[in-house]
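Proteins get letters first, then strands, A, B, ... in listed order; numbering begins at 1 in each.
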There are 2 protein chains.
Amino acid sequence: MAVTRTPRSRWIDEGLRALAAGGPDAVRIEALARALGVTKGGFYWHFDDRGALLEEMLDTWERLLVDDVIAGVESKGGDARARLRRLFALASSSRELLRIDLAVRDWARREPKVADRLRRADNRRLEYMRSLFGAFCPDEADVEARGMIAMALYVGSPFMAADHGTRSRADVLALAMQRLLA
Amino acid sequence: MAVTRTPRSRWIDEGLRALAAGGPDAVRIEALARALGVTKGGFYWHFDDRGALLEEMLDTWERLLVDDVIAGVESKGGDARARLRRLFALASSSRELLRIDLAVRDWARREPKVADRLRRADNRRLEYMRSLFGAFCPDEADVEARGMIAMALYVGSPFMAADHGTRSRADVLALAMQRLLA
DNA sequence: CGTTGACCATACGTCACCGTATGGATGGAG
DNA sequence: CTCCATCCATACGGTGACGTATGGTCAACG
């Protein structure tokens, strides 16, 4: 077995970086090759075509942004509120991961196949949040509203450009979070 | 004065349609020309280049999505809660306008000049919401949190793909809205 | 009825990208 | 030392987009 110089994973990582920075249209294999310091020669050895790379990028996205996050929250204990706080902290921890998630969301608005994947992923995330809010929220409709608000804050706030006077965005998010955990 | 067959405004409208459907990369003047049933010959009579069209599209976006919406809410009277309800209803009324707004938001994530415009627009919208929430919310921090949540719901929910069991997305949004007006 | 202003068609050169083909290079296994 | 799996460089043909150049067309105006 020869040494892998530029294995599949490096193409996928670089593809996710390009996706985060410029959306799916920015995932151009000749540009990725330049970024990796090679030519596209090797790309077509690993992947059938550009679409195959995009598919594997989505696999990686789901693993990083859903499986790993939930596992990370569950790994340490704590009650439901503590887990929710950790979920929010973890979900916003990596700027780069967040940008990937946002790019996938916008992508899903135009590509039905991506929308299907996002639906599966979001249903898993929301179901997890329901289980946490349900632990201290008796009213089922209230649980649903809180889950919706929590997710909308996570998804929506990076798409907002408003200022908040003396407060930082993080301050205001903390205020909103406080309302949700009351 | 000759009759205008395909005036500037038709290019701008078609450009906004393309933007809503596929993001700024989908605003290609040859494609717009095909959609309008002409060739790109006339485009370069109206506009210097593609960038000039994008600029004017952003002007139109701000007028439609900020000025017109606020004016529409203010035109009829009512107390602050009624206006907030009307603001939410109006902001979600047109599928097409909403899609344009979302596309601009994603665009702003990569283009600093677009981000500046979005910041101005979002500050105007949030300031307007502050004035409405402030009418029945004494605590200033609470006003800020509610404004943040309201805007995140508007911006974030179209980027979410989760299901809500027997409830529709509109049902859950109404539940969340109810919490905000309490 | 001729001119002019507003718009359109066509052809062109350039560029970036896709996917293919083909011939290396390189390092570990045997 | 040889072979083979793995990866890379290069060249190619094709496509679609940008912006330019140039010559129509057609209604309105005087």
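In the set C:dT10, C:dC7, D:dC7, the nucleotide with an atom closest to the side chain of B:T39 is C:dT10.
Salt bridge A:E55/A:R50: absent, no basic N to carboxylate O contact under 4.0 Å.
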Do any side-chain atoms of residues 148-161 of chain B form donor-acceptor pairs under 3.5 angstrom with protein atoms, and if so which ones, sequence neighbours left out?
| unit_1 | atom_1 | unit_2 | atom_2 | d |
| --- | --- | --- | --- | --- |
| B:Y154 | OH | B:D101 | OD2 | 2.8 |
| B:S157 | OG | B:L153 | O | 3.1 |

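With sequence neighbours excluded, no residue satisfies side chain to side chain donor-acceptor pair (under 3.5 Å) with A:E96. Among residues two or more places apart in sequence or in another chain, the side chain to side chain donor-acceptor pair (under 3.5 Å) test is passed with B:D171 by B:S168.
Side-chain atoms of B:R179 and A:L180, non-hydrogen and from C-beta on, do get closer than 4.5 Å to each other.
Computed from C1' positions of five pairs at each end, the angle between the two local axes of the helix from C:dC1-D:dG30 to C:dG30-D:dC1 equals 10°, rounded to 10 degrees.
Paired with A:E127 under the rule side-chain hydrogen bond (donor to acceptor under 3.5 Å, both in side chains), one option of A:R124, A:R130, A:R125 passes, and it is A:R130.
As a whole-Å value, the separation of A:R34 CZ from D:dA9 C1' is 15 Å. In this structure, B:L36 places its CG atom 15 Å from C1' of C:dA9, rounding to the nearest Å.
A ring-ring contact (aromatic ring centres under 6.0 Å, His included) check over residues 61-108 of chain B, counting only residues at least two apart or in different chains, returns nothing.
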Under 3.5 Å between N/O atoms: give me all the protein pairs with nucleotides 18-20 of chain D, atom names plus distance.
| unit_1 | atom_1 | unit_2 | atom_2 | d |
| --- | --- | --- | --- | --- |
| D:dC18 | OP1 | B:I29 | N | 3.2 |
| D:dC18 | OP2 | B:I29 | N | 3.3 |
| D:dC18 | OP2 | B:E30 | N | 3.3 |
| D:dG19 | OP2 | B:Y44 | OH | 3.0 |
| D:dG19 | OP2 | B:R50 | N | 3.2 |
| D:dG19 | N7 | B:K40 | NZ | 3.0 |
| D:dG19 | O6 | B:K40 | NZ | 2.4 |

